[in-house]
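As the structure is a prediction and not an experimental result, all values here were calculated from the model.
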Amino acid sequence: MAYDRKKFNQIITKILKSVKRGDKNKMDELFSMTFNHFYGYALVKLWNKDKAEDAVMTMYEHVMKYISSFDPSKGGVGWLFTILNRIIYNLNAEEMNLKQHEQFVIDDNYIENINSMYETIDLDNAVSGLDETERVMIFLYYFERRTLKEIAEMLNISVSAVHKHKNQIIKKLKEFLI
């Protein structure tokens, strides 16, 4: 059976009309019909299962809180997406604001942790030919799963420089390991 957006929107709009008239029991029906739909959307936008679930649950809380502002002539799904998008935007803005204030510091303790990690997995000999910055880059990229952009911001260099260095480091490691 094909997904019919128009029919889905009509059903959701009807449920929201009932909630607006005071039938709070319809929230269960709204939840069961829409959770997976909105959770999938939030997951794509946030890339974090817990945050996506929190965003959708907050959306339902806002539905209850702001149901009086719902305009059935504009459609229910669009109204829900508007609420969810605002929540996602605020979550992302909070996270970016936190990251802006975090200062990445490469101190002796951090370097010591990286070196002990390499020793633990017997890569010590392979990475011994790399300088400190190269070791940090490889650690951030492969062990902490940081993006090139994040690494560039941490090391105050361009993304293209990180990419270039990463490829050079890989060549060095291949020569040593092969």
### Message
Treating Glu134 as the side-chain partner and Asp131 as the backbone partner, does any N or O pair qualify as donor plus acceptor under 3.5 Å?
### Response
yes
### Query
Under 3.5 Å, is there a donor-acceptor pair between the side chain of Lys51 and the main chain of Leu91?
no
### Query
Are the side chain of Thr147 and the backbone N or O of Glu150 linked by a donor-acceptor pair below 3.5 Å?
yes
### Query
Within the side chain of Asn9, is there an N or O that forms a donor-acceptor pair under 3.5 Å with the backbone of Gly76?
yes
### Summary
Closest non-hydrogen contact found for Met57 with Phe31 is SD-CE1, 3.7 Å
### Query
So, the side chain of Tyr60 versus the backbone of Phe35: is there a donor-acceptor pair under 3.5 Å, distance only?
yes
### Query
About how many Å separate OG of Ser69 and NE2 of His62, when rounded to the nearest 0.5 Å?
11.0 Å
### Task
Look at atom NZ of Lys6 and say whether more than 12 heavy atoms of other residues, nucleotides or ligands are closer to it than 6.0 Å.
no
### Message
To the closest 0.5 Å, what do you measure between CD1 (Ile169) and OG1 (Thr133)?
### Response
9.0 Å
### Task
Check whether any side-chain heavy atom of Met64 sits under 4.5 Å from a side-chain heavy atom of Lys24, and report yes or no.
yes
### Query
So if you build clusters from Ile, Leu, Val, Met, Phe, Trp, Tyr with side-chain heavy-atom gaps below 4.5 Å, do Tyr66 and Tyr89 land together?
no
### Task
Kindly assign one of parallel, tilted or perpendicular to the pair Phe8 and His37, based on the angle between their ring planes and the thresholds 30° and 60°.
tilted
### Query
Does Ile12 reach the side chain of Trp79, with side-chain heavy atoms less than 4.5 Å apart?
no
#### Entry: Geometric cation-pi criterion, Lys17 with Phe70: 6.0 Å, 45°
no
### Message
Please report the interatomic distance CG(Asn36) to CG(Leu43), rounded to the nearest 0.5 Å.
### Response
11.5 Å
### Summary
Looking only at heavy atoms, the pair that brings Arg146 and Ile151 closest together is CB-CG1, 3.8 Å
### Message
Using modelled atom types and a 3.5 Å cut-off, is there a donor and acceptor pairing between side-chain atoms of Asp23 and backbone atoms of Val19?
### Response
no
### Task
For Lys166, look at atom NZ and say whether over 12 heavy atoms of other residues, nucleotides or ligands are found less than 6.0 Å away.
yes
### Query
Tell me, do Tyr39 and Glu53 make a side-chain contact under 4.5 Å, heavy atoms counted?
yes
### Task
Mind checking the CG-NZ spacing from Leu16 to Lys14? Nearest 0.5 Å is all I need.
13.0 Å
### Query
Looking only at heavy atoms, which two atoms of Ile15 and Lys26 are closest? And how far apart?
CG2-O, 3.6 Å
### Task
Compare every heavy atom of Leu140 with every heavy atom of Met154, then report the nearest pair and how far apart it is.
SD-CD1, 3.8 Å
### Query
Out of curiosity, Ile11 CD1 to Glu29 CD, how far, rounded to the nearest 0.5 Å?
8.5 Å
## Note on the structure
Between Lys149 and Val159 the two heavy atoms that sit nearest each other are CA-CG2, 3.8 Å
### Message
Is any side-chain heavy atom of Leu30 closer than 4.5 Å to one of Leu80?
### Response
yes
### Task
To the nearest 0.5 Å, tell me how far Lys49 NZ sits from Asp54 CG.
14.0 Å
### Task
Scan His163, Lys171, Lys164, His165 and name whichever one has a side-chain hydrogen bond (donor to acceptor under 3.5 Å, both in side chains) with Asn167.
His163
#### Entry: Any Tyr41 side-chain heavy atom under 4.5 Å of Ile88 side chain
yes
### Stepwise salt bridge (Lys or Arg N to Asp or Glu O under 4.0 Å) test for Arg135 and Glu132
CA-CA 5 Å; Arg135 286 181 183 191; Glu132 196 172 287; over 6 Å; no
